[in-house]
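Taking it in order: structure first as structure tokens, then the write-up.
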Amino acid sequence: MAIALVDANNFYVSCERVFRPNLEGRPVVVLSNNDGCVVARSAEVKAMGVAMGTPWFQLQKLAKREGIIALSSNYTLYADMSNRMMGILSSFSPIQEVYSIDECFLDLRGFAQDQLSSMGQAAREKVRQWVGLPVGVGIAATKTLAKLANHVAKKMPEYAGVCVWDDLPAGDQQRLLQQLPVSEVWGVGRQWTARLQETGIQTVWDLRHADPALMRKRFSILMERCIRELRGEPCIAMVEIPPPRQEIQSSRSFGHPITSVDELGEAISLYTVRAVDTLRRQGSVAGALRVFIHTSLFQAHLPQYHATRTIALNHPSQDTRVFLQAGRVALADMYRPGFVYAKAGVHLLEITSVDTLQANLFLSAEDNARALQLMTTMDQVNVRFGRGTLQPGVAGLQDPRGWAMKCGNKSPAYTTRWAELARAKLG
DNA sequence: TCTGGGGTCCTAGGACCC
DNA sequence: TCTGGGGTCCTAGGACCC
């Protein structure tokens with residue numbers, strides 16, 4: 001039994017560097033929406049001690065002094081690069097789980113132990129040559145150990161990007177586990193780290209030797225699973241085909257704070273359109289819409305207001321108009337004047353497959369058919385001419401909208417838009 | 001001045017029922 | 001006066017992930 005975890009180094013930064021090789025060797029960060037926080041850091045930036053999630057405005061001085069280059073995030077580009085990388089990696093195993101935009105698990109059962117290391121090297125080189133991305137490979141008996149091995153492969157130069165856990169002598173394994181802080185374990189976050197430390201569990205080694213039953217009582221079944229996985233007992237299965245989403249969200253912080261109900265309504269309508277779009281693309285219907293609006297937590301001197309409303313539909317639907325109406329009801333109910341709003345969003349809940357949808361008793365068959373026809377036509381136009389070409393007018397017609405996000409340093413969609421391909425400067 | 005977005009899973013606790 | 005216990009379902013909140 002062996003599982004590989006392959007993931008890209010500084011994925012977003014590496015994607016940008018593929019098309020702008022002059023960024024190689026220079027300190028680069030990629031920023032979140034609204035150019036708010038740092039979401040990817042090149043090795044040079046990590047070495048300066050810049051933490052993930054640092055607000056960009058706090059880095060101005062350092063950036064100027066050190067010449068840090070900041071780029072707005074370009075998710076279209078990253079998604080396309082990710083697809084290419086995943087396609088290549090899928091050739092190394094019949095069973096692949098794409099776990100996130102920049103990492104996947106490969107099931108390597110059936111391969112001899114002495115082949116694993118060279119397979120890892122081969123995967124690494126192929127991705128590097130074919131899409132230009134640097135990746136690290138960790139191979140072990142469980143997903144949790146593969147994650148740790150991957151960490152070792154990346155952090156310790158002597159492993160050269162590939163670490164096969166079971167090839168290591170027991171003494172080396174023990175030494176590594178005793179060196180690694182427990183916070184490195186997949187599934188152990190900040191809260192758990194603090195609680196573990198209180199009970200004297202500091203390193204991965206300590207956690208591995210904790211009593212699973214007792215730890216389950218103190219934390220939850222997830223902690224027990226964690227410990228067992230660290231001992232080499234697989235508890236987390238491979239998921240080849242991602243199940244349909246149980247919840248679909250769309251939310252954004254505003255580029256500029258807004259106060260009027262009209263602007264909030266536009267924003268909520270746009271998020272609703274996007275979310276229901278995603279819903280239809282996965283062939284689902286949703287039974288409820290949740291809408292939230294809130295002021296900025298970081299503006300403590302201003303009056304704060306957080307509100308959420310959940311609207312249950314009479315029948316599960318995938319008709320954008322139904323959700324837009326529900327959104328209007330929700331907003332009218334919770335909007336309060338006099339606040340400066342910083343963020344809004346919607347969630348689609350109670351999602352089920354469209355196949356399970358029972359005939360709507362309160363709409364005629366013709367009405368149902370017409371609604372479906374309308375949505376299908378809108379989707380087709382948007383696929384052909386680009387997202388947002390055709391959409392309900394309530395989502396705002398100005399472009400860019402006053403409240404839309406800031407993204408001052410976005411790179412072109414090199415790989416997915418002909419018009420922007422021309423601007424790519426190779427070399 | 002300026003602090004992201006989209007997910008999943010688990011547990012506790014309340015409501016309700018028998 | 002004495003005031004059970006177990007099951008299910010739902011939701012909110014908290015933890016985690018990238």
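Both backbone and side-chain heavy atoms feed into the values below; hydrogens, waters and symmetry mates do not. A note on names: the letters A, B, ... follow the listed sequences, proteins ahead of strands, and every chain is numbered from 1.
- For the OP1/OP2 pair of C:dC17 and a distance below 4.0 Å, the side-chain nitrogens and oxygens of A:Lys147 include no atom meeting the criterion.
- Side-chain atoms of A:Phe57 lie closest to B:dC2 of the nucleotides B:dG5, B:dC2, C:dA15.
- The distance between atom CG of A:Leu148 and atom P of C:dC17, rounded to the nearest whole Å, is 12 Å.
- Contact annotation for A:Ile248: backbone-only contact, meaning every heavy-atom pair under 4.0 Å involves sugar-phosphate atoms and none involves a base.
- Backbone-only engagement by A:Tyr99 is indicated by non-hydrogen atom pairs under 4.0 Å involving sugar-phosphate atoms exclusively.
- When heavy atoms are screened at a 4.0 angstrom cut-off, A:Arg195 is found touching no nucleic acid atom at all.
- A:Arg309 forms no cation-pi arrangement with A:Phe292, by the criterion of a distance under 6.0 Å to the ring centre and an angle within 45° of the ring axis.
- Spacing between atom CE of A:Met86 and atom P of C:dC18 amounts to 13 Å, rounded to whole angstrom units.
- Comparing A:Phe219 and A:Cys37 by the nucleotide of DNA chain B whose heavy atom lies nearest to each, the residue mapping closer to the 5' end is A:Cys37.
- If you look at A:Tyr159 and A:Trp165, their ring centroids are not closer than 6.0 Å.
- Note: CD (A:Gln246) to P (B:dT8) measures 5 Å, nearest angstrom.
- In this model, a donor atom of one side chain and an acceptor atom of the other lie less than 3.5 Å apart for A:Arg280 and A:Thr320.
- Side-chain nitrogen and oxygen atoms of A:Ser253 include at least one within less than 4.0 Å of the OP1 or OP2 phosphate oxygen of B:dG5.
- Between the side chains of A:Gln325 and A:Arg328, at least one donor N or O sits under 3.5 Å from an acceptor N or O.
- Of the two residues near DNA chain B, A:Arg216 and A:Gln58, the one whose nearest nucleotide lies more 5' is A:Gln58.
- Contact detail for A:Leu108 and A:Ser93: the closest heavy-atom pair is CD2-CB, 4.2 Å.
- A:Ser250 comes within 4.0 angstrom of the backbone, heavy atoms only, and of no base.
- Using bins of under 30°, 30° to 60° and over 60° for the plane-to-plane angle, the ring pair A:Trp186/A:Phe105 lands in the tilted bin.
- Distance noted for atom P between C:dC18 and B:dC2: 30 Å (whole Å).
- Residue contacts shown for A:Glu103 are limited to sugar-phosphate atoms, with no base heavy atom under 4.0 Å away.
- Smallest separation of non-hydrogen atoms from A:Asn9 and A:Gly136: OD1-N, 3.8 Å.
- Nucleotide B:dC18 has C:dG5 as its partner under the Watson-Crick or G-U criteria, with both atom distances under 3.5 Å.
- Straight-line distance from the CH2 atom of A:Trp56 to the C1' atom of B:dG5: 20 Å, rounded to whole Å.
- When rounded to the nearest whole Å, the span between CG of A:Leu5 and C1' of C:dC18 equals 12 Å.
- Distance A:Leu31 CG to B:dC2 C1': 11 Å, rounded to the nearest Å.
- Within 4.0 Å (heavy atoms only), A:Gln249 reaches at least one base atom of the nucleic acid.
- The phosphate of C:dC17 (OP1 or OP2) has no side-chain N or O of A:Ser100 nearer than 4.0 angstrom.
- The listed nucleotides are B:dG4, B:dC10, C:dA15; the one nearest the side chain of A:Arg225 is B:dC10.
- Counting to the nearest Å, the P atom of B:dT11 and the CD atom of A:Gln191 are 17 Å from each other.
- Heavy atoms of A:Gln299 sit under 4.0 angstrom from primed sugar atoms or phosphate atoms, though from no base atom.
- Computed from coordinates, the A:Lys217 NZ to B:dT11 C1' distance equals 16 Å when rounded to whole Å.
- Within the 4.0 angstrom heavy-atom criterion, only backbone atoms of the sugar-phosphate kind lie near A:Ile221; the bases stay farther away.
- Counting only heavy atoms from C-beta on, A:Ser220 has its side chain closest to B:dT11 among B:dT8, B:dT11, C:dC17.
- For A:Tyr75, taking side-chain heavy atoms from C-beta onward, the closest of the listed nucleotides B:dG4, B:dT3, B:dC9 is B:dG4.
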